[in-house]
Amino acid sequence: KSVGMQAVFAVNSEAQIQAVTTTFGSSVGTIGALIVSNRELEDFSFDETGERALNLLKSEALQEFRNLHGEDVPILVEGRVGIIEKDGSVGGYMKALKEAGASGAIVGGGLAERNKRDGNQALKDIMND
């Protein structure tokens, strides 16, 4: 029996995306968001390059998820967002995530790390880098 809540799922592999897609395939509207993680969810280490998330965003498994659950389900990225750089800047990585299909990003450690170096300017820098 459903409790009438939406769920947010964090995934870090195509197999996990496929499991979410097939398990909740007939429950359109149940998934509030899908979080694509640069974090290894088993041991909490990070992919410091950010390629894991980029590859998952471009994967066939994620396309199948979108086909079944629609384009309205936000796809967020987490894990070193705000720290990982592409083409020389954090903004370059954010742009690559957006181009690969991410709706947004969860910035936690990136903000804390930058805040240690440059104070209140950190959030503005991450979004405009």
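Atom set for the values below is all heavy atoms of this structure, side chains included, hydrogens, waters and symmetry mates excluded.
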Does some side-chain heavy atom of Gln16 sit less than 4.5 Å from a side-chain heavy atom of Phe9?
no

Rounded to the nearest 0.5 Å, what separation is found between the OG1 atom of Thr21 and the CZ atom of Arg66?
11.0 Å

Where do Gln6 and Gly32 come nearest, in terms of heavy atoms and distance?
OE1-CA, 3.6 Å

Is it true that atom CG of Asp72 has more than 12 heavy atoms of other residues, nucleotides or ligands lying nearer than 6.0 Å?
no

To the nearest 0.5 Å, atom OG of Ser103 lies from atom CG of Leu97 at 11.0 Å

Output the distance between atom OG (Ser37) and atom CZ (Arg80), rounded to the nearest 0.5 Å.
11.5 Å

Mind checking the CG-CD spacing from Leu68 to Gln63? Nearest 0.5 Å is all I need.
11.5 Å

If every non-hydrogen atom of Ala100 is compared with every non-hydrogen atom of Leu54, which pair is closest and at what distance?
CB-CD2, 4.1 Å

4.5 Å side-chain heavy-atom contact, Glu60 and Glu64
yes

Answer with yes or no whether the hydrophobic clustering places Phe46 together with Val81; edges join I, L, V, M, F, W, Y residues whose side-chain heavy atoms lie under 4.5 Å apart.
no

Taking the side chain as every heavy atom from C-beta outward, state whether Asp87 and Lys95 have any atom pair closer than 4.5 Å.
no

Verify the cluster assignment for Tyr93 and Ile35: are they in a single hydrophobic cluster under the rule of side-chain heavy atoms below 4.5 Å apart?
no

Joint cluster assignment, Ile75 & Ile106, ILVMFWY side-chain distance < 4.5 Å:
no

Same cluster or not: are Leu76 and Ile83 linked, directly or through other Ile, Leu, Val, Met, Phe, Trp or Tyr residues, by side-chain heavy atoms under 4.5 angstrom apart?
no

Passes side chain to side chain contact (heavy atoms under 4.5 Å, CB included), Arg39 versus Asn12? Steps please.
CA-CA 7 Å; Arg39 184 187 304 265; Asn12 72 341; over 6 Å; no

Which residue is it: Val77, Leu57, Asp47? I am looking for the one with a side-chain contact (heavy atoms from CB on, under 4.5 Å) to Arg52.
Asp47

Could you give me the CA-CA distance, side-chain angles and deciding distance for Lys58 and Glu99, then say whether side chain to side chain contact (heavy atoms under 4.5 Å, CB included) is met?
CA-CA 10 Å; Lys58 298 172 188 175; Glu99 289 172 353; over 6 Å; no

If you look at every heavy atom in Leu62 and Ser59, which pair is closest and at what distance?
N-OG, 3.1 Å

Using the rule given for side chain to side chain contact (heavy atoms under 4.5 Å, CB included), can you reason through Phe65 versus Ile31, listing the C-alpha separation, both sets of side-chain angles and the distance that settles it, and then say yes or no?
CA-CA 11 Å; Phe65 174 87; Ile31 300 174; 3.7 Å; yes

